[in-house]
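In what follows, a structure is listed as structure tokens, so that the remarks can point back to it.
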Amino acid sequence: MNLYLVKLALVAALMYVCIEECTAKTYKPGRALQDRIHKLCKGQHPAKLVSSSVWAQTFYIGDKIKVMCYACGRPRPKITWYNDNEEIIFKPNMRVTEWWIKKNKVKSYLEIDPATEANGGEYMCRASNRNGYDQKFISMTALYPNV
């Protein structure tokens with residue numbers, strides 16, 4: 001039996017996901033992420049984060065920040081964003097975009113534009129439903145642009 005181990009797969013700019021081992025029969029290049037999400041979501045009841053943005057990021061003040069969480073569960077999880085352990089109170093420069101995918105999956109993006117120094121800190125994405133929750137921390141560090 002041949003085993004392939006793909007440690008990190010680039011999904012989009014600054015978004016990486018870990019991919020599990022799979023046999024030669026089940027490994028399909030370009031489909032690894034979809035296969036992993038399907039495997040984790042099928043028949044699963046508690047909320048589970050299956051993909052998210054990198055755990056630590058830096059940004060320049062004035063730039064756009066965009067972080068992502070993808071979760072599944074039955075019933076479909078609700079994604080809530082936190083900054084420094086407090087639920088985010090949205091301001092004019094912040095927005096969340098959410099997509100429901102089939103009956104049990106949801107993808108959420110937190111977007112901040114333009115970013116300020118105050119937008120730095122520890123962010124948390126929490127996916128929850130009546131059967132449980134899962135959370136992921138994303139550290140954001142502000143940098144001053146070179147003048």
Side-chain angles (χ1 to χ4, degrees), residues 1-60 63-116 118-143:
M1 175 192 302
N2 293 331
L3 291 178
Y4 298 91
L5 178 61
V6 182
K7 291 183 180 176
L8 292 174
L10 180 61
V11 176
L14 295 176
M15 292 181 209
Y16 295 86
V17 293
C18 295
I19 306 296
E20 298 172 340
E21 287 185 0
C22 51
T23 66
K25 290 181 182 178
T26 61
Y27 181 72
K28 297 174 188 161
R31 293 223 9 112
L33 177 61
Q34 292 86 354
D35 292 346
R36 179 173 180 262
I37 289 170
H38 179 73
K39 177 182 170 185
L40 288 172
C41 294
K42 189 174 182 180
Q44 185 155 345
H45 296 282
K48 177 75 177 162
L49 288 170
V50 292
S51 180
S52 64
S53 294
V54 187
W55 66 272
Q57 295 186 25
T58 57
F59 65 90
Y60 286 104
D63 281 357
K64 177 195 269 189
I65 301 171
K66 191 172 185 179
V67 290
M68 180 271 300
C69 278
Y70 191 166
C72 67
R74 291 183 193 218
R76 181 189 300 117
K78 176 181 187 259
I79 293 182
T80 308
W81 291 93
Y82 296 83
N83 184 4
D84 296 327
N85 293 322
E86 293 189 18
E87 190 169 343
I88 292 178
I89 298 170
F90 291 96
K91 298 175 178 135
N93 69 330
M94 302 173 98
R95 75 176 187 168
V96 169
T97 307
E98 198 168 85
W99 291 274
W100 290 358
I101 303 163
K102 298 191 179 181
K103 293 180 181 179
N104 65 335
K105 300 171 192 163
V106 62
K107 184 186 261 189
S108 178
Y109 285 94
L110 170 65
E111 193 173 306
I112 304 170
D113 188 21
T116 65
N119 295 128
E122 192 84 7
Y123 284 80
M124 180 178 68
C125 167
R126 175 179 275 186
S128 60
N129 65 14
R130 68 176 174 240
N131 300 310
Y133 70 91
D134 195 9
Q135 57 194 28
K136 167 84 178 192
F137 291 91
I138 302 165
S139 178
M140 304 292 287
T141 305
L143 300 173

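Note that the coordinates shown come from a computational prediction; the quantities given were computed from them, not determined experimentally.
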Heavy-atom closest pair (K48 atom, D134 atom, distance to 0.1 Å) is CD-OD2, 3.6 Å
Work out which heavy atom in N85 is nearest to a heavy atom in F137; give both atom names and the distance. OD1-CE2, 4.2 Å
Checking S53, C125, S108 against V67 for side-chain contact (heavy atoms from CB on, under 4.5 Å), the one that qualifies is S53
Minimum heavy-atom separation for A71 and A127, please, with both atom names. CB-CB, 3.5 Å
Those residues at least two apart in sequence (or on a different chain) that pass side chain to side chain contact (heavy atoms under 4.5 Å, CB included) with N131 are H45, P46, P75, N129
Which pair of heavy atoms, one from W81 and one from Y109, lies closest together, and at what distance? CZ2-C, 4.4 Å
The side chain to side chain contact (heavy atoms under 4.5 Å, CB included) partners of Y60 (sequence neighbours excluded) come to D63, L143, P145
Closest heavy-atom pair and its distance - P114, N119: O-OD1, 4.1 Å
Nearest 0.5 Å, please: how far is CG in D84 from CE in M140? 12.0 Å
According to side chain to side chain contact (heavy atoms under 4.5 Å, CB included), who are the partners of E87, at least two apart in sequence or on a separate chain? T80, Y82
Interatomic distance, L49 atom CG to I79 atom CD1 [nearest 0.5 angstrom]: 6.5 Å
Apply side-chain contact (heavy atoms from CB on, under 4.5 Å) to Y70 and S52, showing your working. CA-CA 6 Å; Y70 191 166; S52 64; over 6 Å; no
Please round to the nearest 0.5 Å and tell me the distance separating atom OG1 of T97 and atom CE of M68. 13.0 Å
Within this structure, what is the CD-CD1 distance for the pair E122 and I138, rounded to the nearest 0.5 Å? 9.0 Å
Has W99 got more than 12 heavy atoms of other residues, nucleotides or ligands less than 6.0 Å from its CH2? yes
Does any N or O in the side chain of R74 come within less than 3.5 Å of the main-chain N or O of K103, such that one atom is a donor and the other an acceptor? no
NZ on K107 to CD on E98, rounded to 0.5 Å: 12.0 Å
